[in-house]
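Position 1 is the first residue of the sequence, and the numbers go up from there. Quick caveat, the model's predicted, so the values are computed rather than measured. Side-chain atoms are counted along with the backbone in the values below, which use heavy atoms only and exclude waters and symmetry mates.
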Amino acid sequence: MRLMKRQEGVTVHISLPWEIEYLASLSEQGREWVPLSSTGDNAQVVGMINSRSYEIQLHPGVEIVDRQVVVLSPPTSSKG
């Protein structure tokens with residue numbers, strides 16, 4: 001998936017069907033927020049995506065480029 005910079009904030013573009021299915025599955029399990037990670041050698045968790053609304057919340061201080069590729073990270077138990 002890609003994060004897109006918009007005037008109103010950051011949105012997500014999901015292009016792979018399995019990502020939608022995975023988020024729906026997590027939503028059914030009650031997992032509202034799922035970590036998003038950057039890719040590459042310096043991969044790190046950059047924020048979270050809401051499994052129902054696809055709202056994006058970046059961690060403080062995280063800057064992204066338009067159309068930045070991110071991947072779903074395994075959900076943590078502390079953020080349900």
Side-chain angles (χ1 to χ4, degrees):
M1 64 181 59
R2 292 182 183 271
L3 297 181
M4 317 273 277
K5 283 183 156 182
R6 299 285 183 249
Q7 214 170 17
E8 62 277 5
V10 177
T11 60
V12 66
H13 173 74
I14 299 175
S15 57
L16 300 173
W18 73 263
E19 293 172 324
I20 294 170
E21 292 169 10
Y22 181 64
L23 287 170
S25 170
L26 291 173
S27 177
E28 289 173 7
Q29 295 171 32
R31 297 199 181 263
E32 187 174 354
W33 292 95
V34 181
L36 290 173
S37 295
S38 58
T39 60
D41 292 338
N42 297 323
Q44 61 182 343
V45 176
V46 296
M48 308 286 274
I49 183 170
N50 186 288
S51 61
R52 292 183 183 106
S53 68
Y54 302 155
E55 176 187 347
I56 300 295
Q57 291 184 354
L58 296 177
H59 290 320
V62 169
E63 291 290 326
I64 63 156
V65 295
D66 190 35
R67 301 192 52 79
Q68 179 169 332
V69 175
V70 292
V71 295
L72 295 168
S73 301
T76 60
S77 57
S78 61
K79 288 247 182 189

If the test is side chain to side chain contact (heavy atoms under 4.5 Å, CB included), which one of Val62, Asp66, Ile56 qualifies with Val10?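 Going through Val62, Asp66, Ile56 one by one, the side chain to side chain contact (heavy atoms under 4.5 Å, CB included) with Val10 is satisfied by Ile56 alone.
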Atom pair [atom1]/[atom2] of [X] and [Y] - distance to nearest 0.5 Å:
X: His13; Y: Glu19; atom1: NE2; atom2: CD; answer: 9.5 Å
X: Thr11; Y: Arg6; atom1: OG1; atom2: CZ; answer: 4.5 Å
X: Met1; Y: Arg67; atom1: CE; atom2: CZ; answer: 13.5 Å
X: Arg31; Y: Arg52; atom1: CZ; atom2: CZ; answer: 12.0 Å

What I want to check is whether the side chains of Glu21 and Ser25 have a donor and an acceptor closer together than 3.5 Å.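 No pair is found: no donor N or O on one side chain lies under 3.5 Å from an acceptor on the other.
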Co-membership, hydrophobic cluster, residues [X] and [Y], 4.5 Å side-chain:
X: Val69; Y: Leu72; answer: no
X: Val12; Y: Met4; answer: no
X: Leu16; Y: Tyr22; answer: yes

Applying side-chain contact (heavy atoms from CB on, under 4.5 Å), run through Ile49 and Glu55 and close with a yes or a no. CA-CA 6 Å; Ile49 183 170; Glu55 176 187 347; over 6 Å; no
Would Ile64 and Lys5 count as a side-chain contact (heavy atoms from CB on, under 4.5 Å) here? Give the steps. CA-CA 8 Å; Ile64 63 156; Lys5 283 183 156 182; 4.0 Å; yes
Does any N or O in the side chain of Asn50 come within less than 3.5 Å of the main-chain N or O of Trp33, such that one atom is a donor and the other an acceptor?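 No, because the side chain of Asn50 does not come within donor-acceptor range (under 3.5 Å) of the backbone of Trp33.
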Using modelled atom types only, decide if a donor and an acceptor are shared between the side chain of Ser51 and the backbone of Glu32 within a distance under 3.5 Å.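 Yes.
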Exceeds 12 heavy-atom contacts within 6.0 angstrom, atom CD of Gln7: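 At most 12 heavy atoms, drawn from other residues, nucleotides or ligands, come within 6.0 Å of this atom.
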What closest approach, in Å, do Leu3 and Leu36 show between heavy atoms, and which atom pair accounts for it?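 Scanning both residues, the minimum pair turns out to be CD2-CD1, 4.2 Å.
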Residues Tyr54, Ile20; criterion side-chain contact (heavy atoms from CB on, under 4.5 Å); working and verdict: CA-CA 10 Å; Tyr54 302 155; Ile20 294 170; 3.6 Å; yes
Could you walk me through whether Leu23 and Val34 pass side-chain contact (heavy atoms from CB on, under 4.5 Å), step by step? CA-CA 8 Å; Leu23 287 170; Val34 181; 4.0 Å; yes
